[in-house]
Structure formats: structure tokens, C-alpha cells
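Written below as C-alpha cells is the structure these notes are about.
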Amino acid sequence: MDGFFSYMTVALAGGLVGTTELMARYRDAPFEAIRAPSSFVYEAVNAFAAAIALWVIHVFGWTFGVEDGDPTKLQVWQWIVAAFGSMALFRSSLFTIRLGDTDVAVGPLSILQTILNVSDREVDRLRAEKRSEAVKNAMSIVESFEQIKNALPTHCMALMQNVSAEEEKDLRQVVNSIDQLPIDERTKILNLGLVLINIVGADVLHTAVKNIVDTDNYQN
């Protein structure tokens, strides 16, 4: 029973690691991302890897420097390493072979990384559809990129309370890059919306756009 509890605990923690990875990737709607069906595969792979890592730790008797004989301390360390270090362990390769000009890793990495990449990409596709629709709706009332390229990012940053100075600096650089692209006005507007939705989310973007468009400066 104790062994079953250990493996279940570590698997749940490993799944949680996968969940937080997805939430960090899809910042505009993290909770929607983790509810996508393909996200469950991503989380399950992380949970499975954590459980297998704990089994490997038990098989090889790794103690991680715990030499005082305290079984509780040893168990906690084994849980921590298995749950949070499992993907580092299984993403290592046994050896590498050369196929043409490409190095191919052979080992657990090749299987787990493929599964993770496929499930992650599927989540990305689902989010891309919803992001596209949200940005299209939010930016539909914007007619001029020139009139919002400074005002809208500034207003969005002012609405948010926890955006770092580094994020704001990076945003300004991206906006300037969009401005210099040889693309049409509507595409620039949509691209700006996509950049901003990553930081503020769809609801705040929609509100911010409406606020800017309703100002006298925009109308003029």
C-alpha cells in the first residue's frame, strides 16, 4: 500500500509539472490550454515518466546523499527527484547515431519527446484557432495601425499590474518590428493584437481597444 501511495504521489506531482509547463506556454488562456483533450496526454506522459523514474531510483538504490538512515528523509528526496527530475532523466539519450547530416538521439528521449511534441503541438493548434478569432473580434474596430501602435500597448501595460519592465521593453521592440514589416495595414493590426493577447488576454485586449478607439485623438 505504501508503495502504491508513493507511486501515485509522484505521478500526480509529475502530472502537475506537465500542467505548469503548458500554463507557462499559453499565457493568454492557461486554464483553457490545460483543459484541451491533447493536454491530458502531455500531463499523462509526465506523470508516467515520474512513476518510472521512482521505480528506477528504487531499483538502483539511489540515496542522493542521505546517509543517516532516516527513511522518511530518503523517501522525500526520492519523491522530489522522481517528480521534478524525471523528464530530465528520461530526456537523456543512451547514445547518438549519425544519419546523413543529422544526429539522432537513441533512448527514452526519442519516444517521450515525440509524444510530448505531438500533444503540445495539438494544444497549440487549438489555441491558435481561438486566439485568431479573439484577436479578429477585438481589433475589428481598429482602422489604423499608425494610430494605435503606441497608444494601445501603453494602455494595455497600464491596465496590467504585474508586467515587468523587461516584458514592456520587449513588447516595444516587437511593435517596432511589426511597424517596419512590408505587409498590409490589417495584418499589422492583427499581429499587434496577437502580441498583446499573450500578455493581457482576450478580455483585457477587447476592453483596451474599445477604450483607445473611443478617445478623441483616435477619432481625429
Side-chain angles (χ1 to χ4, degrees), residues 16-36 38-39 42-43 45-46 84-85 87-88 91 109 113-114 116-220:
L16 182 60
V17 170
T19 299
T20 55
E21 286 180 357
L22 288 176
M23 292 178 71
R25 284 192 180 92
Y26 305 102
R27 296 180 299 168
D28 61 316
F31 293 105
E32 285 192 25
I34 62 175
R35 288 199 297 266
S38 50
S39 70
Y42 191 91
E43 293 156 359
V45 170
N46 279 274
F84 299 100
M87 294 315 297
R91 281 171 180 162
L109 168 69
Q113 196 62 57
T114 298
L116 289 172
N117 288 345
V118 169
S119 56
D120 188 26
R121 183 58 56 88
E122 185 60 27
V123 175
D124 201 6
R125 291 191 188 101
L126 293 174
R127 288 301 312 140
E129 293 177 11
K130 294 185 177 181
R131 280 159 47 84
S132 175
E133 192 64 27
V135 169
K136 180 182 177 182
N137 292 335
M139 309 298 282
S140 61
I141 57 177
V142 177
E143 298 179 356
S144 170
F145 177 81
E146 189 66 29
Q147 287 182 294
I148 65 162
K149 67 179 184 180
N150 294 320
L152 183 58
T154 299
H155 186 50
C156 285
M157 295 302 99
L159 289 173
M160 301 296 288
Q161 300 181 63
N162 297 310
V163 177
S164 67
E166 188 66 26
E167 283 183 293
E168 188 168 354
K169 179 182 176 182
D170 292 342
L171 173 62
R172 298 294 178 185
Q173 293 176 346
V174 173
V175 172
N176 290 336
S177 298
I178 293 174
D179 192 21
Q180 297 171 13
L181 290 173
I183 56 179
D184 61 272
E185 188 83 355
R186 178 49 52 182
T187 304
K188 287 184 178 182
I189 292 171
L190 293 175
N191 283 347
L192 176 60
L194 286 169
V195 171
L196 290 173
I197 202 173
N198 289 337
I199 302 173
V200 303
D203 293 338
V204 174
L205 176 62
H206 190 276
T207 300
V209 169
K210 189 176 185 304
N211 291 344
I212 294 299
V213 171
D214 285 345
T215 61
D216 291 338
N217 288 338
Y218 185 85
Q219 299 298 333
N220 295 332

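- Nearest heavy atom pair, residue Val200 against residue Leu205, reads CG2-N, 3.8 Å.
- For Glu166, the side chain to side chain contact (heavy atoms under 4.5 Å, CB included) partners are Ser164, Asp170, not counting sequence neighbours.
- Under a cut-off of 6.0 angstrom, the local environment of CZ in Arg121 is sparse, with at most 12 non-hydrogen atoms contributed by other residues, nucleotides or ligands.
- A heavy-atom distance below 4.5 Å is found between the side chains of Tyr26 and Asp124.
- Ile34 is listed as a side-chain neighbour of Glu43, based on a closest heavy-atom distance under 4.5 Å.
- The two atoms that bring Arg186 and Met139 nearest to each other are NH1-O, 3.1 Å, heavy atoms only.
- A heavy-atom distance below 4.5 Å is not found between the side chains of Val123 and Tyr42.
- Residues Leu159 and Ala208 approach most closely at CD1-CB, 3.9 Å, considering heavy atoms.
- Nearest heavy-atom pair, Ile197 versus Ala134, reported as atom, atom and distance to 0.1 Å: CD1-CB, 4.0 Å.
- For Lys136, the salt bridge (Lys or Arg N to Asp or Glu O under 4.0 Å) test picks out no residue, with sequence neighbours left out.
- Residue pairs meeting the side-chain hydrogen bond (donor to acceptor under 3.5 Å, both in side chains) criterion with at least one member in residues 190-203, sequence neighbours excluded: Arg131-Asn198.
- Between Leu181 and Lys188, the shortest heavy-atom contact is O-CE, 3.2 Å.
- Residues satisfying the side chain to side chain contact (heavy atoms under 4.5 Å, CB included) test with Glu133, not counting sequence neighbours, are Asn137.
- Here the side chains of Leu196 and Val204 are not in contact, with every heavy-atom distance at 4.5 Å or above.
- Ser132 contributes no side-chain N or O that, together with a main-chain N or O of Ala128, makes up a donor-acceptor pair within less than 3.5 Å.
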Give the table of side-chain donor-acceptor pairs shorter than 3.5 Å for residues 148-158, with sequence neighbours excluded, one pair per line with atom names and distance.
{"residue": "Lys149", "atom": "NZ", "partner": "Glu146", "partner atom": "OE1", "Å": "3.3"}
{"residue": "Lys149", "atom": "NZ", "partner": "Glu146", "partner atom": "OE2", "Å": "3.1"}
{"residue": "Lys149", "atom": "NZ", "partner": "Asp179", "partner atom": "OD2", "Å": "2.7"}
{"residue": "Thr154", "atom": "OG1", "partner": "Asn150", "partner atom": "O", "Å": "2.7"}
{"residue": "Thr154", "atom": "OG1", "partner": "Arg172", "partner atom": "NH1", "Å": "3.3"}
{"residue": "Thr154", "atom": "OG1", "partner": "Arg172", "partner atom": "NH2", "Å": "2.8"}
{"residue": "His155", "atom": "NE2", "partner": "Asn211", "partner atom": "ND2", "Å": "3.1"}

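- Note that CE of Met23 is 9.0 Å distant from CG of Leu16, once rounded to the nearest 0.5 Å.
- Every residue two or more places apart in sequence or in another chain that forms a side chain to side chain contact (heavy atoms under 4.5 Å, CB included) with Lys130 is listed here: Glu32, Arg127.
- Residues Glu122 and Leu126 meet the side-chain proximity criterion, which asks for heavy atoms closer than 4.5 Å.
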